[in-house]
Engineer: 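Have a look at this one.
Atoms considered below: every heavy atom in the structure, side chains included; atoms not considered: hydrogens, waters and symmetry mates. Every number for a ligand or one of its atoms is a count from 1 in the order of the listing.
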Amino acid sequence: MRYALVDGLRREAERGLKGECQFDHHSMIPKCGNKRRPYWAHRAGYACDHWWDNETQWHRDWKSLFPTEWQEVVHKSESGEKHIADVKTDKGWVFEFQNSPISIEERQSRDSFYSKLIWVVNGTRRKKDFPEFAKVWGEGRPIVGKGWLRKVRISECPLLQEWANCDTPVFFDFGTGENILWLLPKCRDGKREHIAIFTRPNLVQPHLEGKDQEIDEFAKFLKDFSALVS
Ligand SMILES: [Zn+2]
């Protein structure tokens, strides 16, 4: 993890510090090698939150786009169940950056645990995903006047298909620079079949701009975009 508690304060790992996990209060060890940026680790063999994806550089890069106080936030449900959110905004939007494949059951349990969840999926993990995506995008039908929005055959792209029945916003990061792809919500006939080309700033800015404001800019943004395909 990037943060642990040191004397009650969230700190990044440094040599000589003793940390405490903000999730389960177990002791954590600072790992400060030369190869990667410092991080905190539990003692060997100890499993922390089972929803927590081991942090990769990909996670770090995404999380770093948000204020530090929004990163690695422990979220508690009304029933008392708790998990660590990669990012939780001041409006309660939770970002889960999904680096490894996830079962449908586990995804559904996260969908229902967090009331305002946004998935960002690493699309570079399996070699076939990007070519398959590029093919359905290429064969897709552009929505009139909007070159960045297309109706595609998601049934021919297993990755899109895996996420098609998810009720929350889903974005794919294929490692193509700033561009990301948004699988838009279900339209009137109950299918998810529209894809929009997006950028990271498109996704991140509404949260940052809406910080400390009363209006939930991202909710408004989602509503406006969803209207384009409904
Ligand atoms: Zn822990």
Engineer: Does the side chain of Asn99 come under 3.5 Å of the side chain of Asn122 through a donor N or O and an acceptor N or O?
Structural biologist: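 On atom types as modelled, these side chains qualify, holding a pair under 3.5 Å.
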
Engineer: Take Phe95 and Trp70 through the test ring pair (Phe, Tyr, Trp, His ring centres under 6.0 Å) and record every step on the way to the result.
Structural biologist: CA-CA 10 Å; Phe95 279 82; Trp70 290 2; 8.7 Å; no

Engineer: Do any side-chain atoms of residues 196-207 form donor-acceptor pairs under 3.5 angstrom with protein atoms, and if so which ones, sequence neighbours left out?
Structural biologist:
from, atom 1, to, atom 2, distance (Å)
Thr199, OG1, Asn202, N, 3.1
Thr199, OG1, Asn202, OD1, 3.1
Asn202, OD1, Thr199, N, 3.1

Engineer: Ring centroids only, cut at 6.0 angstrom: are Phe133 and Phe172 within range, meaning strictly under it?
Structural biologist: no

Engineer: Strictly by modelled atom types, are His75 and Tyr114 linked by a side-chain donor-acceptor pair under 3.5 Å?
Structural biologist: no

Engineer: Suppose the cut-off is 2.8 Å; which protein N/O/S atoms would you list for the Zn ion (ligand 1)?
Structural biologist: Cys21 SG, Asp24 OD1, Asp24 OD2, His42 NE2, Cys48 SG

Engineer: If only side-chain N and O atoms count, and only distance matters, is there a donor-acceptor pair under 3.5 Å linking Asp86 with Trp52?
Structural biologist: no

